[in-house]
Amino acid sequence: MYPRDAWYPFFCPPFPQAPTLDYPIRITISFLIFVSLLSSPLWAQPTETNPYAEQLVQQALEKQLDQKRRWHLLLHYKETWFGGYESEADGMDFFNAPDGKTDPKAELIATLRNFFKDPNSLKPKEEHPQCNFPARYKWLKRELSIDPSQLPKADCTRMEGWLDQLEPQSVTLIFASFYMNNPASMFGHTFLRIDSKSKNTSQALSNYGVNYSATVDTGSMFLYTFKGLFGYFKGEFTVFPYYLKVQEYSNWESRDLWEYELNLTPDQIDTLILHLWELGGTYFDYYYLKENCSYHMLTVLEVANPDLELSDGFFIATQPADTIKILAEQEGLISKVTYRPSILNRMQHKTEQMSGEEKEVLYHLVENNQILKEDPYQQLTTPQKALVLDAYLDYLEYEGLGEEDFDPQKPLRIPHAILLERSKLKYKRQDTEMTQFSAPPETGHGTDRVGLGVGINDNELFQEFAYRPTLHDLLARDAGYKKDSQFLFLDFAGRYFYESKQFHVDRFRFLDIVSLTPYEPIFKKPSWKLNLGFDTIRDFDCGYCNSFKGNGGYGYSYKPGHKSPYILFVMAELEAETSGYLEDNYRAGGGVSGGMFIDFSEDWRLQLGGEYKRFPLGDESEYIRYDSKLRYSPHMDVDLRLEYQRVDHNDEGLFSVNLYF
C-alpha cells in the first residue's frame with residue numbers, strides 16, 4: 001500500500017484503505033456481489049431458446065434500444081475515433097456478451113437472454129443476471145413492458161439486503177478541498193454520500209459514502225507514476241461509512257468539505273443505487289489525468305439522469321474543481337450547499353475570537369494543562385474560559401485522531417480534568433457564524449490559463465505567449481482555491497524579440513509549488529516551495545539562454561488573521577541548475593528569499609519580493625533579484641498584470657492579459 005503522505009502527482013490519487021480494524025458496517029460492493037469467481041463464463045447463454053426472450057430481443061432491436069443514450073450510459077460506452085463504441089469498463093464480468101465491451105447490440109441481446117437463465121443452473125454463490133444488473137433490468141423492463149411473471153424468479157437476497165441497509169433518500173456530492181501540505185490532495189477530491197431515510201441532517205456522518213479510486217499494487221514511485229499515467233491500476237468503486245472519510249480528510253488532513261445535495265427524483269436515485277451495485281463487480285483502468293475519481297462520479301450521475309451531459313466535455317484531464325463547476329451550471333441540479341470545516345479550522349474560528357490574553361492561556365494550556373490551577377486561567381471570565389477550553393478540546397481531538405493506536409469506534413481519550421472543568425462552567429457559548437476558511441470550488445477561476453503580453457528589457461521589445469493547464473498561482477484570485485498557495489503544472493512561456501527577430505522559450509516548468517502557511521504557536525507549520533523545469537538565465541547576458549533548474553525553499557509566513565489583507569514570508573533556499581552556458585556546465589548553491597502579498601480588494605493584489613542567491617559550486621557566481629507584480633481582475637476568468645523585475649543590472653517589464661477556462 002502506498003503511504004498516505006507519499007508523492008501523488010496528479011488529480012485524483014489512490015487513497016489508502018481505512019485502518020485495518022474490524023468495521024462491521026464497512027461495505028465493499030465488489031465483495032458483496034462477487035463472493036467468489038465463477039467457474040463458468042458470465043456470458044454463457046441459456047441452453048434453451050425462450051420464445052418470450054426472443055420476442056423481447058426482436059422488440060428491442062426494432063426500437064433500436066442499443067442506440068439509446070441510456071443503454072450507452074449504463075454500459076459506459078464512448079464513441080471511438082473510428083466511429084464504433086467501446087466501454088470504459090474493463091472487467092469482463094460487467095458484460096453478458098463476449099464482445100459486449102465493443103458491441104452495444106450484442107450486449108443488449110445477450111443481456112435480455114441472460115435474464116431468462118434458469119436459477120437452478122447457477123453455481124453455489126453465483127448471482128443471477130437479474131440480480132447482477134438490476135439497473136439494466138429496470139430500464140429494459142420499462143422500455144419493453146416486460147412481464148415479470150414470464151421470467152424466472154431470481155433470488156436477489158444479497159442485493160436487497162444491501163439496499164435495505166442503505167435506505168437511500170437523497171444523494172450528496174462531496175468535494176474535499178485542496179491541501180497544499182500533501183501533494184496527493186492539491187487538486188481536491190470528489191465522492192458521493194448516500195443519505196438514508198432513517199437519518200436526519202444531524203446524523204449525516206452515519207450515512208454511507210461512495211468512492212472511486214485506484215488500487216495501488218506497487219511501492220515504487222516510478223512504477224506508481226507510470227502505471228497511473230497509462231492506466232495500469234485498477235479503479236474500483238467502494239462503499240464505506242461516511243464518517244471514515246470525514247476523519248481522513250477533515251480531521252487527519254485538515255481539509256474542509258463542501259457538500260452538494262443533488263436534486264434527483266426518487267426514481268433517479270433508485271437507478272443510481274442499482275447501477276452502483278452493478279459497478280461493484282467490475283473495474284476500470286484508472287488514469288490520473290482523465291478517468292479518475294471525479295470523472296466517474298459524473299458518469300454515475302449521468303446514468304441517474306441521462307439528460308445531464310457532464311463527462312463528454314473532458315478530453316484530456318478531469319480536475320475535481322471543474323466537475324463541481326459543471327454541476328453548478330446545471331439548472332436546479334444542486335439543491336443545497338453545506339460547508340463542513342476541518343477540525344483545525346473549527347479551532348481557528350475560536351482562536352480568532354480570542355484576545356491576546358486568551359490566546360496566551362490557550363498556548364500554555366497546550367503545553368501543560370496544569371495551568372488550569374494558575375492565575376492566568378483563573379482570572380478569565382466564565383465566557384472566556386469556555387472559549388479557551390472549547391478550542392483546547394478541538395486541539396485534543398485533532399491530536400487524538402493522529403495517534404497510532406486511534407480506534408474510530410472508541411471515544412477519544414480526553415483528560416478527565418479538562419472535561420470536569422468544562423462541565424463545571426455550566427455555560428453554553430453562543431458562537432458566531434462559522435468563518436469559511438475555504439471557498440466553494442465553483443467560485444474559482446478556470447484551471448487552464450492562456451496569456452498574451454508585451455514587454456521590454458534593457459535591449460528590446462518582446463511579445464510573450466504563455467499557457468499552463470493547471471492550476472492556480474499566488475497572484476491570481478484566491479476565490480475557490482487554497483489561499484496563499486500555488487500549484488502550476490507544465491507552465492510554459494515563449495517570447496518573440498522584435499530587435500533580434502528571435503523566438504526563445506522563457507520558461508517551461510514541470511512543477512512550481514508554493515505553500516505559504518501562516519505561522520502560529522501551536523502547530524508551527526512551515527511554508528515551503530518546490531519547482532523544477534527550464535528557465536532563462538537572467539543574471540548575465542547569454543542571449544536568452546536556458547538552464548534546467550531545481551529549487552526548494554523552507555521558511556515561515558506571518559499573517560495576523562484569516563481575513564488580514566497581507567501576508568509576509570521568508571525562506572531559506574537551495575538551488576541547482578545545469579546549462580552549457582555555465583562554467584563546468586552547472587552551478588549549485590542557495591540563499592534567502594522573502595516578500596509580501598497585499599490584497600487591496602478581491603480584484604487587486606500586489607506582490608513585492610526579492611532574493612539573494614550565491615553559487616559556490618560549479619560556475620561560482622551570485623545575484624540579487626527583486627520584483628513587484630500588480631494584478632487586477634475585472635472578471636473571475638480574466639486578469640491583467642503589470643510586472644517589473646531587476647536581476648543585478650538587468651531590468652525587465654511586462655504587461656499581460658490572462659484568460660482562464
Side-chain angles (χ1 to χ4, degrees), residues 177 200-205 243 246-247 249-259 337-403 406 411-439 483-484 517-525 557-567:
S177 64
N200 56 39
T201 304
S202 63
Q203 298 173 304
L205 290 176
Y243 72 83
V246 172
Q247 287 173 347
Y249 295 140
S250 185
N251 298 341
W252 287 331
E253 296 183 351
S254 302
R255 299 163 69 180
D256 292 342
L257 301 179
W258 287 91
E259 303 174 346
V337 180
T338 301
Y339 171 64
R340 186 182 293 276
S342 70
I343 187 172
L344 287 189
N345 281 343
R346 295 202 308 269
M347 178 180 174
Q348 185 178 350
H349 173 68
K350 296 179 179 71
T351 59
E352 294 203 349
Q353 301 174 51
M354 293 180 183
S355 64
E357 179 187 12
E358 292 164 343
K359 289 181 180 178
E360 284 299 317
V361 172
L362 175 63
Y363 299 154
H364 286 96
L365 187 58
V366 167
E367 302 215 354
N368 180 10
N369 60 27
Q370 296 302 312
I371 195 177
L372 295 178
K373 303 175 183 177
E374 300 177 5
D375 287 345
Y377 173 78
Q378 292 296 332
Q379 291 172 358
L380 297 177
T381 65
T382 296
Q384 289 177 315
K385 290 178 180 178
L387 180 60
V388 169
L389 288 176
D390 287 351
Y392 182 56
L393 287 170
D394 287 338
Y395 166 79
L396 292 177
E397 183 180 352
Y398 173 77
E399 289 293 301
L401 291 169
E403 293 178 358
F406 166 68
L412 287 168
R413 294 190 294 269
I414 304 295
H416 179 70
I418 302 299
L419 296 175
L420 181 62
E421 176 65 22
R422 183 63 179 91
S423 66
K424 284 167 55 180
L425 295 179
K426 296 184 176 2
Y427 179 80
K428 183 177 181 180
R429 291 190 310 107
Q430 299 299 317
D431 208 349
T432 60
E433 183 178 354
M434 183 67 201
T435 303
Q436 290 188 0
F437 291 93
S438 63
K483 199 168 183 62
D484 303 317
T517 303
Y519 177 85
E520 45 74 38
I522 295 179
F523 297 104
K524 304 178 177 63
K525 292 185 177 180
S557 302
Y558 170 74
K559 192 173 187 176
H562 175 72
K563 296 182 180 179
S564 173
Y566 69 90
I567 184 170

| field | Audit row: Thr435, Asn345, side chain to side chain contact (heavy atoms under 4.5 Å, CB included) steps and yes/no | value | CA-CA 8 Å; Thr435 303; Asn345 281 343; over 6 Å; no
| field | Worked verdict on Tyr398 versus Ser342 for side chain to side chain contact (heavy atoms under 4.5 Å, CB included) | value | CA-CA 10 Å; Tyr398 173 77; Ser342 70; over 6 Å; no
| field | Audit row: Leu419, Leu393, side chain to side chain contact (heavy atoms under 4.5 Å, CB included) steps and yes/no | value | CA-CA 9 Å; Leu419 296 175; Leu393 287 170; 4.3 Å; yes
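With sequence neighbours left out, the salt bridge (charged side-chain N to carboxylate O under 4.0 Å, His left out) criterion links Glu259 to Arg193, Arg340. In this structure, Lys385 has no salt bridge (charged side-chain N to carboxylate O under 4.0 Å, His left out) partners at least two apart in sequence or on a different chain.
Smallest separation of non-hydrogen atoms from Asp256 and Pro341: OD1-CA, 3.4 Å. In this structure, Pro376 and Val361 approach most closely via the heavy-atom pair O-CG2, 3.6 Å. Residues His562 and Gln436 come closest through the heavy atom pair NE2-O, 3.5 Å. Closest non-hydrogen pair, Asp484 versus Lys559, comes out as OD2-NZ, 3.1 Å. In terms of heavy atoms, Ala386 sits closest to Tyr427 at CB-CD2, 3.6 Å.
No side-chain heavy atom of Glu374 sits less than 4.5 Å from a side-chain heavy atom of Tyr377. Between Ile418 and Leu372, some side-chain heavy-atom pair lies under the 4.5 Å cut-off. You'll find the side chain of Lys525 stays beyond 4.5 Å of the side chain of Tyr519, heavy atoms only. Side-chain atoms of Pro415 and Asn369, non-hydrogen and from C-beta on, do get closer than 4.5 Å to each other. Looking at His349 and Phe437, their side chains come closer than 4.5 Å, going by heavy atoms from C-beta outward. For the pair Glu421/Tyr392, no side-chain contact is recorded, criterion being any heavy-atom separation below 4.5 Å from C-beta on. With a 4.5 Å cut-off on side-chain heavy atoms, Met434 and Tyr339 count as touching. Using a 4.5 Å heavy-atom threshold, the side chains of Arg429 and Lys350 count as touching.
Thr382 OG1 to Lys424 NZ: the interatomic distance, rounded to the nearest 0.5 Å, is 11.0 Å. Summarising the geometry, atom CD1 belonging to Ile343 is positioned 13.5 Å from atom CD belonging to Gln348; distances are rounded to the nearest 0.5 Å. Note that CG of Leu380 is 9.5 Å distant from CG of Leu387, once rounded to the nearest 0.5 Å. Taken from CD in Glu360 to CE in Met354, the straight-line distance is 11.5 Å, to the nearest 0.5 Å. Between atom CD1 of residue Ile567 and atom OG of residue Ser557 there is a gap of 4.5 Å, rounded to the nearest 0.5 Å. The CG atom of Leu396 lies 4.5 Å from the CD1 atom of Ile414; values are rounded to the nearest 0.5 Å.
Exactly one of Lys428, Arg422, Arg346 qualifies for a salt bridge (Lys or Arg N to Asp or Glu O under 4.0 Å) with Asp390. That residue is Arg422. Just one of Thr351, Ile522, Leu365, Leu344 meets the side chain to side chain contact (heavy atoms under 4.5 Å, CB included) condition when paired with Tyr395; it is Ile522.
For the pair Glu520 (side chain) and Phe523 (backbone), a donor-acceptor distance under 3.5 Å is present.
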